[in-house]
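Data block below; observations after.
These values consider heavy atoms only, across backbone and side chains, with no hydrogens, waters or symmetry-generated copies.
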Amino acid sequence: YSSSGEFGSGETHEFTVTDSVTPPPTVLTNVVSGAVEEFPCPDGEFSSAGESECTPCDPGKYATQNTEGEEVIGASECTSADEGHFVDTQGARNQMACPRGKHASGKGNVECEDCEKGKYAMNESTAECESAEPGHYVPNRAAYEQLACEPGTYAPNTGSRECFTASAGSYVETSGAVKQIACPTGKYSGETGQTECLNCDLGKFAKAEGTVACVAAKPGFYLSLIHI
């Protein structure tokens, strides 16, 4: 190897090469070591002691920050939705009231259920639907009011889905009735769903209550009194 940097013809030379080491790649993480300050969990999230991050609340639960003086405090646990309320999303900051016609029994509900037929929920935040009162009915699901039975019909029990029609020989005069009334003697009702009874025609009579059809006087007899 000459001073000019060129190898001589036919010359053999040896070189020692030092092993090179490739440095490992830099790994970035979200974990912060050497922290000097703690931060409150945001609304909708919580953490236990010693956690490096907050966890969103599951559906059916919620979390809200609180304040003590000037200090903001995050939630250490999520709160289950109250009766009559629900939480249908993850990471919720508050619960929502069930609308009228729906209810939510117990705590931690993710949705509200329709009131079944025969029941209703007049107000929001209902835990249990109310049964229709006697003389009333609820024909549809998710109802927020009960309906009074119309004249000619009645409902003797609670939780009715429909009203009974007055039988022939009986009548229902007013709305919201809980029972039908048999026609008095001297009167009749030949059809169902009647709101009043009719007087027997001349020459006919009704000896018993609840008569469907008046009876004609037999040969050799006559009628001396007509009920008016």
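What you find for Pro151 and Glu173 is that their closest heavy atoms are CB-O, 3.7 Å. Summarising the geometry of Ala92 relative to Thr89, their closest heavy-atom pair is CB-OG1, 4.0 Å, with the distance given to 0.1 Å. Of all non-hydrogen atoms in Ser170 and Ala182, the two that sit nearest each other are OG-CA, 3.7 Å. Residues Tyr171 and Glu196 approach most closely at CB-N, 3.7 Å, considering heavy atoms. Minimum interatomic distance between Ala166 and Val172 (heavy atoms only, all atoms of both residues): CB-CG2, 3.9 Å. The shortest non-hydrogen separation linking Arg161 to Lys117 is NE-O, 3.5 Å.
Summarising the geometry, atom CD belonging to Glu53 is positioned 10.0 Å from atom OG belonging to Ser47; distances are rounded to the nearest 0.5 Å. For the atom pair OH (Tyr120) and SG (Cys129), the distance works out to 10.5 Å, reported to the nearest 0.5 Å. One finds the CD atom of Glu83 at 8.5 Å from the CG atom of Asn109 (value rounded to the nearest 0.5 Å). Distance CZ/Phe46 to SG/Cys57: 6.5 Å, rounded to 0.5 Å. The distance from atom OG1 of Thr185 to atom NZ of Lys207, rounded to the nearest 0.5 Å, is 11.0 Å. With rounding to the nearest 0.5 angstrom, the CG atom of Asn199 is 10.5 Å from the SG atom of Cys183.
At least one donor-acceptor pair under 3.5 Å links the side chain of Gln180 to the backbone N or O of Ser167. Glu128 contributes no side-chain N or O that, together with a main-chain N or O of Ser105, makes up a donor-acceptor pair within less than 3.5 Å.
For the pair Asp58/Cys78, no side-chain contact is recorded, criterion being any heavy-atom separation below 4.5 Å from C-beta on. Ser48 is not listed as a side-chain neighbour of Ser76, based on a closest heavy-atom distance of 4.5 Å or more. Contact check for Gln194 versus Ser189: side-chain heavy atoms found under the 4.5 Å cut-off. The shortest distance between side-chain heavy atoms of Val110 and Pro59 falls below 4.5 Å. Inter-residue side-chain proximity for Val212 and Glu191 is flagged as unmet; no heavy-atom pair is nearer than 4.5 Å.
Residues that satisfy the ring pair (Phe, Tyr, Trp, His ring centres under 6.0 Å) test with Tyr154, not counting sequence neighbours, are Phe164. With sequence neighbours excluded, no residue forms a ring pair (Phe, Tyr, Trp, His ring centres under 6.0 Å) with Phe86.
One hydrophobic cluster, built from ILVMFWY side chains closer than 4.5 Å, cannot hold both Val178 and Ile181; they sit in different ones. Placement of Met122 and Val138 within a single hydrophobic cluster is found when ILVMFWY residues are connected by side-chain heavy-atom separations under 4.5 Å, directly or transitively.
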Check against side-chain contact (heavy atoms from CB on, under 4.5 Å), Ser175 and Glu150:
CA-CA 5 Å; Ser175 61; Glu150 298 179 355; 5.7 Å; no
Pair Cys214-Phe205, side-chain contact (heavy atoms from CB on, under 4.5 Å): steps then yes or no:
CA-CA 5 Å; Cys214 298; Phe205 70 102; over 6 Å; no
Can you list the steps and then say if Ser125 with His85 is a side-chain contact (heavy atoms from CB on, under 4.5 Å)?
CA-CA 6 Å; Ser125 307; His85 296 75; 3.6 Å; yes
Which is it for Glu209 and Lys187 under the side-chain contact (heavy atoms from CB on, under 4.5 Å) test, yes or no, and what are the steps along the way?
CA-CA 8 Å; Glu209 294 182 348; Lys187 293 177 178 284; over 6 Å; no
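Across His103, Lys119, Lys102, a single residue satisfies side chain to side chain donor-acceptor pair (under 3.5 Å) together with Asp114, and that is Lys102.
For Glu111, the CD atom sits in a loose shell: 12 or fewer heavy atoms of surrounding residues, nucleotides or ligands are nearer than 6.0 Å.
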Please tabulate, for the side chains in residues 61-73, all donor-acceptor contacts under 3.5 angstrom to protein atoms that are two or more places apart in sequence or on a different chain.
unit_1: Thr64; atom_1: OG1; unit_2: Arg93; atom_2: O; d: 2.6
unit_1: Gln65; atom_1: NE2; unit_2: Cys41; atom_2: O; d: 2.9

